[in-house]
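Here is the structure we will look at, set down as structure tokens.
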Amino acid sequence: MMSTDPVPPAPTTAPASTPPHPRAALHARLLVWFDVHRRDLPWRAATATPWGVLVSEIMLQQTPVVRVEGPWTAWLERWPTPASLAAAPTDEVLRAWGRLGYPRRALRLQQCAAAIVERHDGVVPTAEADLLALPGVGSYTAAAVTAFAHGRRAVVLDTNVRRVLGRLTAGTALPRPHLTQEETRRADALVPGDDATSARWNIAVMELGALVCTARSPRCDDCPVRDLCAWRAAGYPADEHAAARRTQAWHGTDRQVRGRLMAALRDATGPLTREELVAVAGSGDEQAHRSLDSLVADGLVSGDAESFVLGR
DNA sequence: TACGCGTGGGA
DNA sequence: TTCCCAAGCGT
């Protein structure tokens, strides 16, 4: 685990004279704030299983909490265990995913369930390396399940934590597009050593980022650690790399067309012909065919030359 | 490493 | 209206 790696002295010009971050005050105030302001999300309930937590983390990848709550509840009622999801028809899995977006996640979640059945006897593994090896589980999700499902120490670094810690300790408005070693080192140094407190710390920082230290309009007046914030102390400097973070184009993309094709197939009661799908694509024929073929290549759609259905 | 991958709501 | 963003991952 990362925490067992020796941390070399920071190669700054004056490490010894740099005042340490008031770690104890930061921890105490943030944990108290979390106890008061934490949201009662269903996957945080005492009754939630590790599998439920894992499903929530996959659904929450790039998708807001408010849109996940409903589908998560229905999903867990229908497929309460990895084995039940692994045995489900893929088209039903994709329909249950609904409009959460990025439907490849649904496919990978089912593959993940199958891997848990095959490799771990149907039990969500506790070792972070075993979690990381599962389909659809990356470094964030492996750490999150370790912390939130198993209550063990992990360094959880999602977009919320990166933004909060970046502001608090580095004084930057927004994190860079890619996680840096320095960020990971700083985050690790702030995670408490014991399992129970570290899990609470991780979720508390995430919650602060979601509710107070938001990307667009941070509510600094409500922040319990504003007097410790380097970004605030520096006068809220603007994001230096705002120009570089160009927004992805959307209108007219294959992604948009794929979304329309998937929506049509989700809503259809039977197979759709290639002609029908080209018609709903709302694009040129070439893009429609290319998008449909890519959905087939991804395993989200199957069919012969004539007609197409969701899943395998 | 940079890019492709859905969807919908708020500023 | 347009743009930005929301608990990333795989290639």
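Residue numbers begin at 1 in each chain, while the letters A, B, ... track the order of the sequences.
Only the C1' atoms considered, dG8(C) is 16 Å distant from dT1(B), to the nearest whole Å. Distance check on atom C1': dC5(C) versus dC5(B) gives 15 Å, rounded to whole Å. Comparing the same atom, P, in dA7(C) and in dA11(B) gives a spacing of 15 Å after rounding to whole Å. A gap of 24 Å separates the C1' atoms of dG10(C) and dG8(B), to the nearest Å.
Comparing dG8(B), dC9(C), dG10(B) against the side chain of Ser139(A) picks out dC9(C) as the nearest. The side chain of Tyr140(A) lies closest to dG8(C), out of dG8(C), dC5(B), dA6(C). Closest to the side chain of Arg99(A), from the set dC5(B), dT7(B), dA6(C), is dT7(B). Among dT7(B), dA6(C), dC9(C), the nucleotide with an atom closest to any side-chain atom of Trp250(A) is dT7(B). The nucleotide whose nearest atom lies closest to any side-chain atom of Thr141(A) is, among dC9(C), dG6(B), dA6(C), dC9(C).
Counted by atom type alone, Arg219(A) and Thr214(A) present zero donor-acceptor pairs between their side chains at under 3.5 Å. In this model, no donor atom of one side chain and acceptor atom of the other lie less than 3.5 Å apart for Tyr102(A) and Arg108(A). Looking at Ser283(A) and Arg260(A), their side chains never bring a donor and an acceptor atom within 3.5 Å of each other.
Contact annotation: the side chain of Pro125(A) approaches that of Leu134(A) to within less than 4.5 Å [non-hydrogen atoms, C-beta and beyond]. The shortest side-chain heavy-atom distance between Leu94(A) and Arg266(A) does not fall under the 4.5 Å cut-off.
Linking ILVMFWY side-chain heavy atoms closer than 4.5 Å, directly or via other members, places Val164(A) and Leu60(A) in two distinct hydrophobic clusters.
Taking atom CZ of Arg38(A) as the reference point, atom P of dA7(C) lies 17 Å away to the nearest angstrom. One interatomic measurement links the two molecules: CZ of Arg104(A) to C1' of dG10(C), which rounds to 7 Å at whole-angstrom precision. Rounded to whole Å, atom P of dA7(C) lies 14 Å from atom CG of Leu165(A). Leu94(A) has its CG atom 12 Å from the P atom of dT7(B), to the nearest Å. One can place CG of Leu132(A) at 12 Å from C1' of dG10(C), the figure rounded to the nearest angstrom. Nucleotide dG6(B) holds its C1' atom 14 Å from the CG atom of Leu310(A), rounded to whole Å. Summarising the geometry, the separation between CZ on Arg255(A) and C1' on dG8(B) is reported as 13 Å, rounded to the nearest angstrom. When rounded to the nearest whole Å, the span between NE2 of His251(A) and C1' of dG6(B) equals 16 Å.
Looking at residues two or more places apart in sequence or on another chain, you find no ring pair (Phe, Tyr, Trp, His ring centres under 6.0 Å) involving His120(A).
Arg216(A) contributes a side-chain N or O that forms a donor-acceptor pair with the base of dC4(C) under 3.5 Å.
Between Trp51(A) and Ala113(A), the shortest heavy-atom distance links the atoms CH2-CB, 3.8 Å. Contact detail for Leu261(A) and Ala281(A): the closest heavy-atom pair is CD2-CB, 4.1 Å.
In this structure, Arg105(A) does not reach the dG10(C) phosphate: none of its side-chain N or O atoms is under 4.0 Å from OP1 or OP2.
For DNA chain C, no neighbouring residue in residues 266-280 of chain A is found when judged by any heavy atom under 4.0 Å. Taking every heavy atom of residues 52-76 of chain A and every atom of DNA chain C, pairs under 4.0 Å involve Glu57(A), Leu60(A), Gln61(A), Gln62(A), Pro64(A), Val65(A), Arg67(A), by number.
Trp43(A) comes within 4.0 angstrom of a nucleotide base, judged by non-hydrogen atoms across all strands. Within the 4.0 angstrom heavy-atom criterion, no nucleotide atom of any strand lies near Ala144(A). Arg290(A) comes within 4.0 angstrom of nothing in the nucleic acid, heavy atoms only. In this structure, Leu41(A) reaches the bases: a heavy-atom distance under 4.0 Å links it to at least one base atom across the strands shown.
The 5' end of DNA chain C is approached more closely, in terms of each residue's nearest nucleotide, by Arg39(A) than by the other of Val137(A) and Arg39(A). Both His178(A) and Gly259(A) sit near DNA chain B, but only His178(A) has its closest nucleotide nearer the 5' end. Each of Met206(A) and Gly136(A) was matched to the nucleotide of DNA chain C holding its nearest heavy atom; the match closer to the 5' end belongs to Met206(A).
No side-chain donor-acceptor contact under 3.5 Å links Arg163(A) to the backbone of Leu174(A).
Ring pair Trp43(A)/Trp72(A) is perpendicular by interplanar angle, where above 60° counts as perpendicular and below 30° as parallel.
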